[in-house]
Structure formats: structure tokens, C-alpha cells
Student: 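Okay, here's the structure, questions in a sec.
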Amino acid sequence: MYSKIALKICVALKQGKIKSRKEFWKKYNDISYWQNIDISTLNGEKYYKNSNINLICVFDQIFPFVNPQVNQEEQPFLFAYISDINLLNAFDENITVIGVLDPTEDVFIREKRIVETLVLNGKNIISGLANGCDSIAHKICVDNDGKTIAFFAFNFRKYLS
């Protein structure tokens, strides 16, 4: 799933038109700009139709809440994600897992036990896809038939070539 505007933003990133979050928020944070700009999204549409990767941008109604205490120029404006974005609306059932990239055996065992307990109690796991604690949490969640959503950063330029 992706909106036309999210896809346009992704293509603009690929083309090097947006160089940073700061630049996006200073120059490109007006939805009418994206509604009116003529950018070919054909390659992006082909890629996303054949993948399980979804895009969501700040102009989409279901874009996740960002704490307003974060400086706007540091706030994300585009996410790639895997799974059902509507899980984000289940505030009381969502647990975000973060941690180290190279956990010790003790951390792995503790995290496995905690995530299993959370999933068995109906909690959804929300995390990135980094090595270590993030991926452990997703794997344990899936292994226990839980619901999970993964947000990740990837090189848009690479994937839309």
C-alpha cells in the first residue's frame, strides 16, 4: 500500500531532489506542492506492486503520531513498513521493542521470555528491523502467532533504480 504522494516523495528522494529531513520540512512540506508536481512514478509503482514493502508519508491520514517535542526538521516524513499499518491504532495493545544490535545471551533469553509473555497476552510488537533486539522481537512474535509491524529505513535510491 502506498499513496501517490508517498510514492512521489520516494521518487524525489531517489532523484536527489530531497537531500535531508531538514530540507524536506523547509522546502517541501506543503501537500499542494506534491499534489501538483509532475513526477514519473512508474518505476516505483512497478516495484511496490511486486513487493511486500509499503510506504506512508506525513500527508497520509494514517501516518503515525510523532511526538511534537521532536524538532520538526528532525521528524520523519516518509516511512517504509511491512505489515498492517492499522495495528498502530491499537494503542493499548502495542509495545515498541528497542535494544542493542549485538545482545548478549542473557539479553536474548530475557527478551525472548518478555516478548513471548507480551504476545501471549495479546500485545502487538512494533519495532525496526535492525539486527539484534529488533529482529529477535519480531521473530519471537511471529513464532508465537502474534501481530507485528516493522518500520525500517532503506536506501530509496537503490530500490527504485
Side-chain angles (χ1 to χ4, degrees), residues 1-13 18 21-22 24-25 28-31 34-35 41 44-156 159-160:
M1 175 184 102
Y2 55 85
S3 67
K4 290 286 187 184
I5 293 177
L7 193 55
K8 284 182 179 183
I9 292 171
C10 189
V11 170
L13 282 165
I18 304 170
R21 288 182 190 163
K22 184 176 183 176
F24 174 85
W25 290 112
Y28 306 110
N29 70 344
D30 182 357
I31 191 170
W34 295 103
Q35 290 169 329
T41 58
E45 288 183 71
K46 287 179 185 176
Y47 175 76
Y48 288 106
K49 283 183 181 175
N50 295 320
S51 75
N52 291 324
I53 299 172
N54 303 289
L55 292 174
I56 188 169
C57 75
V58 70
F59 303 115
D60 294 326
Q61 207 169 21
I62 57 174
F63 192 76
F65 171 79
V66 176
N67 186 328
Q69 292 180 340
V70 175
N71 290 335
Q72 186 182 39
E73 62 188 36
E74 295 175 9
Q75 292 181 8
F77 56 87
L78 182 70
F79 280 123
Y81 67 94
I82 299 173
S83 192
D84 178 3
I85 194 80
N86 293 311
L87 287 177
L88 292 178
N89 295 325
F91 294 115
D92 294 337
E93 286 83 38
N94 293 337
I95 302 292
T96 301
V97 175
I98 58 172
V100 296
L101 295 174
D102 191 18
T104 63
E105 185 65 24
D106 288 346
V107 170
F108 173 82
I109 292 167
R110 189 173 353 147
E111 182 176 353
K112 182 177 185 290
R113 188 176 60 241
I114 291 168
V115 172
E116 282 175 343
T117 301
L118 290 168
V119 170
L120 293 174
N121 284 290
K123 301 300 181 190
N124 305 320
I125 302 300
I126 313 294
S127 191
L129 273 179
N131 289 330
C133 289
D134 291 16
S135 14
I136 292 167
H138 290 299
K139 181 177 181 343
I140 300 304
C141 182
V142 169
D143 289 350
N144 286 279
D145 298 320
K147 295 178 182 176
T148 181
I149 187 166
F151 283 96
F152 57 99
F154 68 93
N155 185 337
F156 290 98
Y159 286 97
L160 287 179

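Only a predicted model underlies this, so the values are computations on that prediction, with no experimental measurement involved. Both backbone and side-chain heavy atoms feed into the values below; hydrogens, waters and symmetry mates do not.
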Student: When you measure from the side chain of His138 to the backbone N and O of Gly128, does any donor-acceptor pair fall under 3.5 Å?
Tutor: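 Confirmed, His138 side chain pairs with Gly128 backbone.
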
Student: Could you tell me the separation between the CZ atom of Phe77 and the SG atom of Cys57, rounded to the nearest 0.5 Å?
Tutor: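 Reported to 0.5 Å precision, the distance equals 9.5 Å.
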
Student: Apply the side chain to side chain contact (heavy atoms under 4.5 Å, CB included) test between Leu78 and each candidate in Ile5, Leu13, Leu7; give the one that qualifies.
Tutor: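 Among Ile5, Leu13, Leu7, the one meeting side chain to side chain contact (heavy atoms under 4.5 Å, CB included) with Leu78 is Leu13.
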
Student: Inspect the surroundings of NZ in Lys123 and state if more than 12 heavy atoms from other residues, nucleotides or ligands are less than 6.0 Å away.
Tutor: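 Yes - once you tally the heavy atoms of other residues, nucleotides and ligands closer than 6.0 Å, there are more than 12.
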
Student: Return yes when atom CG of Asp102 has more than 12 non-hydrogen atoms of other residues, nucleotides or ligands closer than 6.0 Å, and no otherwise.
Tutor: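 No, the 6.0 Å shell around CG holds no more than 12 heavy atoms from other groups.
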
Student: Using 30° and 60° as the class boundaries, would you call the ring planes of Trp34 and Tyr28 parallel, tilted or perpendicular?
Tutor: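 Geometry flag for Tyr28 against Trp34: tilted rings.
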
Student: Do Arg21 side-chain atoms and Glu74 backbone N/O form a donor-acceptor pair below 3.5 Å?
Tutor: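 Confirmed, Arg21 side chain pairs with Glu74 backbone.
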
Student: Can you tell me how far the CD1 atom of Ile126 sits from the CG atom of Asp134, to the nearest 0.5 Å?
Tutor: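 CG of Asp134 is found 12.0 Å from CD1 of Ile126.
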
Student: Would you call Phe108 and Glu105 a side-chain contact if the rule is heavy atoms closer than 4.5 Å?
Tutor: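 Side-chain contact under 4.5 Å: yes.
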
Student: Once rounded to the nearest 0.5 Å, what's the spacing between atom CD1 of Ile136 and atom CG of Asp143?
Tutor: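 Going from the CD1 atom of Ile136 to the CG atom of Asp143 covers 12.0 Å.
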
Student: For the pair Asp84 (side chain) and Asn86 (backbone), establish whether a donor and an acceptor sit closer than 3.5 Å, ignoring hydrogens and angles.
Tutor: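 Yes.
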
Student: What are the two closest non-hydrogen atoms of Lys8 and Gln35, and how far apart are they?
Tutor: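 So the two residues come closest at NZ-O, 3.7 Å.
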
Student: So, Asn144 side chain and Cys141 main chain: donor-acceptor pair closer than 3.5 Å or not?
Tutor: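 No, because the side chain of Asn144 does not come within donor-acceptor range (under 3.5 Å) of the backbone of Cys141.
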
Student: Might you confirm whether atom CG of Leu120 has over 12 heavy atoms from other residues, nucleotides or ligands at distances under 6.0 Å?
Tutor: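 Yes, CG of Leu120 has more than 12 neighbouring heavy atoms, counting only those of other groups under 6.0 Å.
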
Student: Determine whether Ile62 and Leu88 satisfy the following criterion, side chain to side chain contact (heavy atoms under 4.5 Å, CB included), listing intermediate values before the conclusion.
Tutor: CA-CA 9 Å; Ile62 57 174; Leu88 292 178; over 6 Å; no

Student: Assess the residue pair Asn124 and Ile149 against the criterion (side chain to side chain contact (heavy atoms under 4.5 Å, CB included)); give the C-alpha distance rounded to whole Å, side-chain angles, the decisive distance to 0.1 Å, and a yes or no.
Tutor: CA-CA 8 Å; Asn124 305 320; Ile149 187 166; over 6 Å; no

Student: Please report the interatomic distance CG(Leu55) to CD1(Ile85), rounded to the nearest 0.5 Å.
Tutor: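 Nearest 0.5 Å value for the CG-CD1 distance: 10.5 Å.
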
Student: Drop me the distance from Ile9's CD1 to Ile56's CD1, to the nearest 0.5 angstrom.
Tutor: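 One finds 11.0 Å between CD1 of Ile9 and CD1 of Ile56.
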
Student: Treating Ser135 as the side-chain partner and Leu129 as the backbone partner, does any N or O pair qualify as donor plus acceptor under 3.5 Å?
Tutor: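 Such a contact is absent between Ser135 side chain and Leu129 backbone.
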
Student: Look up atom NZ in Lys22 and atom CD1 in Ile18, then write down how far apart they are to the nearest 0.5 Å.
Tutor: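 Lys22 atom NZ to Ile18 atom CD1 measures 16.0 Å (nearest 0.5 Å).
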
Student: Assess whether side chain to side chain contact (heavy atoms under 4.5 Å, CB included) is satisfied between Val119 and Lys147, documenting all intermediate values.
Tutor: CA-CA 8 Å; Val119 170; Lys147 295 178 182 176; over 6 Å; no

Student: Do any N or O atoms from the side chain of Trp25 and from the backbone of Gln75 form a donor-acceptor pair under 3.5 angstrom?
Tutor: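 Present.
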
